[in-house]
Chemist: 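Take this structure, written in structure tokens, and hold onto it; I'll ask about it next.
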Amino acid sequence: MTLQIIGTYAVVFCLVIGALFALVGAIGLIKFNDAMARLHAPTKVGTVGIGSLLLASIIHSFVVGEGSMNQLLIMAFLFVTAPISANFIAKVNIHKKTCETPPAPRQDDTWSTLDVPEADRELAEPKET
């Protein structure tokens with residue numbers, strides 16, 4: 001087998017893995033009931049699924065002979081921003097009390113996510129429309 005055939009199989013494998021993760025993420029987004037459970041499925045698609053699709057693109061560009069590393073920059077950006085945005089979405093859901101409050105820490109009576117300073121309490125209160 002030549003390097004081009006092995007590269008083609010690697011591209012197909014990465015595309016199938018990426019497509020399966022995208023499908024599972026879409027199904028999870030539809031099936032889960034609350035916002036915190038729905039948050040889990042798309043974050044996996046954002047890291048593993050898109051990472052696999054970008055890896056397929058990298059392999060294909062090197063097999064064809066026009067190697068490009070632009071996809072690595074995209075992958076690095078996604079791997080850095082996806083967990084941060086998921087964390088912010090989870091904190092918003094906790095502050096709005098649209099989900100169960102996490103259990104209190106065992107030895108510490110303060111928890112940074114749930115502690116709102118007095119000056120910011122008006123901003124943290126959900127507005128009624």
Chemist: Would you say Phe62 ends up clustered with Leu15 if hydrophobic residues are merged whenever their side chains have heavy atoms under 4.5 Å apart, either directly or through other cluster members?
Modeler: yes

Chemist: Please identify each residue that fulfils side-chain contact (heavy atoms from CB on, under 4.5 Å) with Ile5, with sequence neighbours left out.
Modeler: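 Applying side-chain contact (heavy atoms from CB on, under 4.5 Å) to Ile5 gives Met1, Thr2, Tyr9.
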
Chemist: Which hydrophobic side chains are connected to Val64, either touching it within the sub-4.5 Å cutoff or through other members that do?
Modeler: none

Chemist: With ILVMFWY side chains joined below 4.5 Å, transitively, what does Val12's cluster contain besides itself?
Modeler: Val16, Leu20

Chemist: Check Cys14 against Leu55 and note the closest heavy-atom contact, atom names and distance.
Modeler: SG-CD2, 3.9 Å

Chemist: Apart from Ile89 itself, what residues make up its hydrophobic cluster, given side-chain heavy atom links below 4.5 Å?
Modeler: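 Members other than Ile89 - counting any ILVMFWY side chain reachable under 4.5 Å - are Leu39.
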
Chemist: With sequence neighbours left out, write down each residue that passes side-chain contact (heavy atoms from CB on, under 4.5 Å) with Val24, or none if nothing qualifies.
Modeler: none

Chemist: Supply the members, apart from Ile84, of the Ile/Leu/Val/Met/Phe/Trp/Tyr cluster built from side-chain contacts under 4.5 Å; use none for a lone residue.
Modeler: Val80, Phe88

Chemist: Who passes side chain to side chain donor-acceptor pair (under 3.5 Å) against Ser57, sequence neighbours left out?
Modeler: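 Ser57 satisfies side chain to side chain donor-acceptor pair (under 3.5 Å) with Gln71 only.
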
Chemist: Judged by atom type as modelled, is there a donor-acceptor pair below 3.5 Å linking the side chain of Ser61 to the main-chain atoms of Ile58?
Modeler: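 A pair under 3.5 Å: yes.
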
Chemist: Check side-chain contact (heavy atoms from CB on, under 4.5 Å) between Ile74 and all other residues, then give those that pass, not counting sequence neighbours.
Modeler: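 Applying side-chain contact (heavy atoms from CB on, under 4.5 Å) to Ile74 gives Leu54, Leu78.
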
Chemist: To the nearest 0.5 Å, what is the distance between CE (Met75) and CG (Asn70)?
Modeler: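 Interatomic distance, Met75 CE to Asn70 CG, rounded to 0.5 Å: 12.0 Å.
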
Chemist: Does Val48 share a hydrophobic cluster with Ile27, counting links as ILVMFWY side-chain heavy atoms below 4.5 Å and allowing steps through other members?
Modeler: no

Chemist: Counting only heavy atoms not in Leu3, do more than 12 fall under 6.0 Å of its CG?
Modeler: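 No, CG of Leu3 has 12 or fewer neighbouring heavy atoms, counting only those of other groups under 6.0 Å.
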
Chemist: Among all residues two or more places apart in sequence or in another chain, which pass the side-chain contact (heavy atoms from CB on, under 4.5 Å) test with Val63?
Modeler: Gln4, Ile59

Chemist: Measure the spacing between CZ of Phe79 and CD1 of Ile50 and express it to the nearest 0.5 Å.
Modeler: 9.5 Å

